[in-house]
Amino acid sequence: MAAPVILHLRAETKPLEHRSALTPTTTKQLLDAGFEVFVEKSKLRIFEDQEFADVGATLVEEGSWPQAPKDRLIIGLKELPEETFPLVHEHIQFAHCYKDQGGWKDVLGRFPAGNGTLYDLEFLEDDNGRRVAAFGFHAGFAGAALGVQDWAFRQTHSDDEDFPAVEHYARENLLVDAVKKDLESAVAAGKALPKVLVIGALGRCGSGAVDLLRKVGLPEENIIKWDMAETAKGGPFQEIADADIFVNCIYLSQPIPPFTNLEALNKTDRKLQVIVDVSADTTNPHNPIPVYTIATTFDKPTVKVDTTTGSRIDVISIDHLPSLLPREASEAFSSALLPSLLQLPERDTAPVWTRAKKLFDHHVARLA
C-alpha cells in the first residue's frame, strides 16, 4: 500500500487570525480515511488544542513546520511570516502572490528556491472553474456587520474619532445582536436607517453581506443589490456616493474601470460615509476603489479617505474578515475543502491539484 498522506496544520501567525484550515470535525474525517494529521498548538485558533487531540491528531509545537520532515504537506490559511529561507515542503494556503500584489516575487520565489510547491487555496477549482472552498459568505457577512457598526458610530461621534478596535465573536447570533444594538443607538439619536449598496450581490460574498443586512433588520428597500449587469457600463458610479454604506464584494479577475474615485466623492451632496472593501485588493494595481492605500486590521479597522468636502468617509479593508466569526467560517470552509483534501493521495492526477500545480509552475516561470 502507498504511504499515507501526512498533513501538518500550522499555527496561524497573523494577529487576531482565529480561523483554521482544518477543524476537529474534518481532521477526524481525514484520520478515518487513513491520513496522518499533525496539529501545531495554537493560542489564537478558535478551536482548543485538545479538540484536535480528542479526535486522534498528534499535537506538535507551534511554529515547528519548517523543521518537519519533507514528506509532510503543510496546510494553513494566511500567508507565511516574512522570512527569506527557502521552502522545501508542499504548502496548501492562501499566498496572495498570483495577481502581481506588492512583493509577490519575494513571496513566490521562496518555493522554487527550496524545491517546494504551492497549492494556493484561492485557485483550487472544480471542473467548472468554481473555487472548491471559499470564505466569501462569511467575509461578506462580517464586512457588512462592521460597515453598519462603523456607520452607526459615525452618527454619534465626531469626525475626529476613529471607530474602535473589534474582537471576534464566539457565535454568529452574538454579532447580529451587537449590530442591532448599534443600529438602535443611531436611530435613537434621530438618524434614519442607512441605505447600503452591495456590489457583487449575487456571489458568495455578496450573499453573505445581504444576509447580515436582513438579519439586523434593514428593510429590503434599503439594501441595494448590484452585480455584473449593473456595473457593465463601467464606473465611476454616482450611486455609490448616494448610498450611506458601500460594500464591495466582487472578485477582481481583470482590470476594470474604478467604481468610484476621489473626484466622485469630493462633492457636497455626497452621502457615503463607509466603504467596506471586502475584496481588499489594496495592493492590486487595478484596485477598483482607488481612494485608499492601507490595509486595515481588527485593531485599527478603518482608514480615513482623504476628502476635502463633506463628512468623513471610512474604508474598512481587513483581508481576513471571516475571522470575526472564526468557528462558523472555519467549519464551512474546511467542510467544503474536505473532498479535495481526500484526493491528495492522487494529487499527481486529480484535476483540482494538477491544475493548481500547473498554475504554480506558470507563475514561477514569470520570476525569470
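Just so it is clear, the values below take in all heavy atoms, side chains as well, and ignore hydrogens, waters and symmetry mates.
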Are Leu252 and Val291 joined in one hydrophobic group, where the rule is that I, L, V, M, F, W and Y side chains link up if heavy atoms are under 4.5 Å apart?
yes
Can you name the salt bridge (Lys or Arg N to Asp or Glu O under 4.0 Å) partners of Glu122, sequence neighbours left out?
Lys99
Is Arg110 salt-bridged to Asp106, cutoff N-O under 4.0 Å?
no
For the CG atom of Leu87 and the CG atom of Leu80, what is their distance to the nearest 0.5 Å?
6.0 Å
So, Asn287 side chain and Pro290 main chain: donor-acceptor pair closer than 3.5 Å or not?
no
Counting only heavy atoms not in Glu48 (residues, nucleotides, ligands), do more than 12 fall under 6.0 Å from its CD?
no
Give a yes-or-no answer on whether the side chains of Ser20 and Thr23 include a donor-acceptor pair shorter than 3.5 Å.
no
Short side-chain donor-acceptor distance under 3.5 Å, Thr307 and Asn266:
no
Please, which pairs that meet ring pair (Phe, Tyr, Trp, His ring centres under 6.0 Å) have at least one residue in residues 275-316, sequence neighbours excluded?
Phe298-His320
How about Asp277 and Asn248: does a side-chain donor come under 3.5 Å of a side-chain acceptor?
yes
Is the shortest distance from a Lys or Arg side-chain nitrogen in Arg312 or Asp160 to a carboxylate oxygen in the other one below 4.0 Å?
no
If the condition is salt bridge (Lys or Arg N to Asp or Glu O under 4.0 Å), which residues does Glu328 pass it with, not counting sequence neighbours?
none
Shortest non-hydrogen contact from Val315 toward Thr296
O-CG2, 3.9 Å
Say whether, by atom type as modelled, one donor and one acceptor occur between the side chain of His89 and the main chain of Ala68 under 3.5 angstrom.
yes
Hey, is CD on Glu167 packed in by over 12 heavy atoms from elsewhere, all under 6.0 Å?
no
The test is ring pair (Phe, Tyr, Trp, His ring centres under 6.0 Å); show your working for His91 and Tyr119 and say whether it passes.
CA-CA 6 Å; His91 286 258; Tyr119 300 107; 9.8 Å; no
Roughly how far, to the nearest 0.5 Å, is OG1 of Thr260 from CZ of Phe237?
10.0 Å
Going through the checks in order, is the salt bridge (charged side-chain N to carboxylate O under 4.0 Å, His left out) test met by Lys14 and Asp319?
CA-CA 11 Å; Lys14 191 178 184 73; Asp319 67 0; 3.4 Å; yes
Looking only at non-hydrogen atoms, find the nearest pair between Gly143 and Leu321 and report the distance.
CA-CD1, 3.7 Å
Check ring-ring contact (aromatic ring centres under 6.0 Å, His included) between Phe52 and all other residues, then give those that pass, not counting sequence neighbours.
none
Taking all atoms of both residues into account, what is the closest heavy-atom pair of Pro288 and Pro257, and its distance?
CB-O, 4.4 Å
For the OG1 atom of Thr13 and the CZ atom of Arg10, what is their distance to the nearest 0.5 Å?
6.5 Å
Give the minimum heavy-atom separation between Pro301 and Pro164, together with the two atoms involved.
CG-O, 3.3 Å
Looking at Glu220, I'd like to know if its CD atom is crowded, meaning that more than 12 non-hydrogen atoms belonging to other residues, nucleotides or ligands lie closer than 6.0 Å.
yes
Name all residues meeting the salt bridge (Lys or Arg N to Asp or Glu O under 4.0 Å) criterion together with Glu17; count only those two or more places apart in sequence or in a different chain, and write none if there are none.
Arg19
Enumerate donor-acceptor pairs with a distance under 3.5 Å from any side-chain N or O in residues 31-44 to protein atoms, sequence neighbours excluded.
residue : atom : partner : partner atom : Å
Asp32   : OD2  : Lys28   : NZ           : 2.9
Glu40   : OE1  : Ala11   : N            : 3.0
Glu40   : OE1  : Gly63   : N            : 2.7
Glu40   : OE2  : His8    : NE2          : 2.8
Glu40   : OE2  : Ser64   : N            : 3.2
Glu40   : OE2  : Trp65   : N            : 2.9
Lys41   : NZ   : Glu61   : OE2          : 2.9
Ser42   : OG   : Leu44   : N            : 3.2
Ser42   : OG   : Arg45   : N            : 3.1

Do Leu325 and Phe137 sit in the same hydrophobic cluster, where Ile, Leu, Val, Met, Phe, Trp and Tyr count as joined when their side-chain heavy atoms come under 4.5 Å apart?
yes
Does a side-chain N-to-carboxylate-O contact under 4.0 Å join Lys225 and Asp227?
no
Output the distance between atom OG (Ser334) and atom CD (Glu331), rounded to the nearest 0.5 Å.
7.0 Å
Report the C-alpha separation of Asp314 and Arg154 in whole Å, then their side-chain angles, then the decisive distance to 0.1 Å, and conclude whether the salt bridge (charged side-chain N to carboxylate O under 4.0 Å, His left out) test is met.
CA-CA 9 Å; Asp314 280 342; Arg154 297 262 59 88; 3.1 Å; yes
When every non-hydrogen atom of Cys249 is compared with those of Ser279, the smallest separation belongs to C-OG, 3.7 Å
What distance separates Glu161 CD from Thr156 OG1, expressed to the nearest 0.5 Å?
8.5 Å
Would you give me the side-chain donor-acceptor pairs under 3.5 Å for residues 337-347, sequence neighbours excluded?
residue : atom : partner : partner atom : Å
Arg347  : NE   : Glu90   : OE2          : 3.0
Arg347  : NH1  : Leu344  : O            : 2.9
Arg347  : NH2  : Glu90   : OE1          : 3.0

Could you check whether the rings of Phe360 and Phe111 sit parallel, tilted or perpendicular, using 30° and 60° as the cut-offs?
perpendicular
Which residues share a salt bridge (Lys or Arg N to Asp or Glu O under 4.0 Å) with Lys357, sequence neighbours left out
Asp361
Please tabulate, one pair per line, all N/O donor-acceptor pairs under 3.5 Å involving side-chain atoms of residues 177-205, not counting sequence neighbours.
residue : atom : partner : partner atom : Å
Asp182  : OD2  : Gln149  : NE2          : 3.0
Ser185  : OG   : Lys181  : O            : 3.2
Arg204  : NH2  : Arg131  : O            : 2.9

Under 3.5 Å, is there a donor-acceptor pair between the side chain of Glu12 and the main chain of Lys78?
yes
If the threshold is 4.0 Å, N to carboxylate O, is there a salt bridge linking Asp162 and Lys300?
yes
Indicate yes or no: does Arg355 engage Asp127 in a salt bridge with an N to O separation below 4.0 Å.
yes
Using a 6.0 Å cut-off, check whether atom CG of Asp54 has over 12 heavy atoms from anything other than its own residue.
yes
Mind checking the CG-CD1 spacing from Asp71 to Ile6? Nearest 0.5 Å is all I need.
4.0 Å
Qualifying residues under ring-ring contact (aromatic ring centres under 6.0 Å, His included), relative to Trp104, sequence neighbours excluded
none
Under 4.5 Å between side-chain heavy atoms, counting indirect links through other Ile/Leu/Val/Met/Phe/Trp/Tyr residues: same cluster for Phe123 and Trp353 or not?
no
Check for me, please, whether Phe333 and Leu324 land in the same ILVMFWY cluster - side-chain distances under 4.5 Å, paths through other members count.
no
Looking only at heavy atoms, what is the nearest atom pair of Val274 and Ile313, with distance?
N-CG2, 4.5 Å
Please identify each residue that fulfils side-chain hydrogen bond (donor to acceptor under 3.5 Å, both in side chains) with Glu239, with sequence neighbours left out.
none
Does Gln67, at its CD atom, have more than 12 non-hydrogen atoms belonging to other residues, nucleotides or ligands within less than 6.0 Å?
yes
Classify the angle between the aromatic ring planes of Phe246 and Phe259 as parallel (below 30°), tilted (30 to 60°) or perpendicular (above 60°).
perpendicular
Ring pair (Phe, Tyr, Trp, His ring centres under 6.0 Å) contacts in which one or both residues fall within residues 158-194, not counting sequence neighbours:
His18-His168, Phe153-Phe163
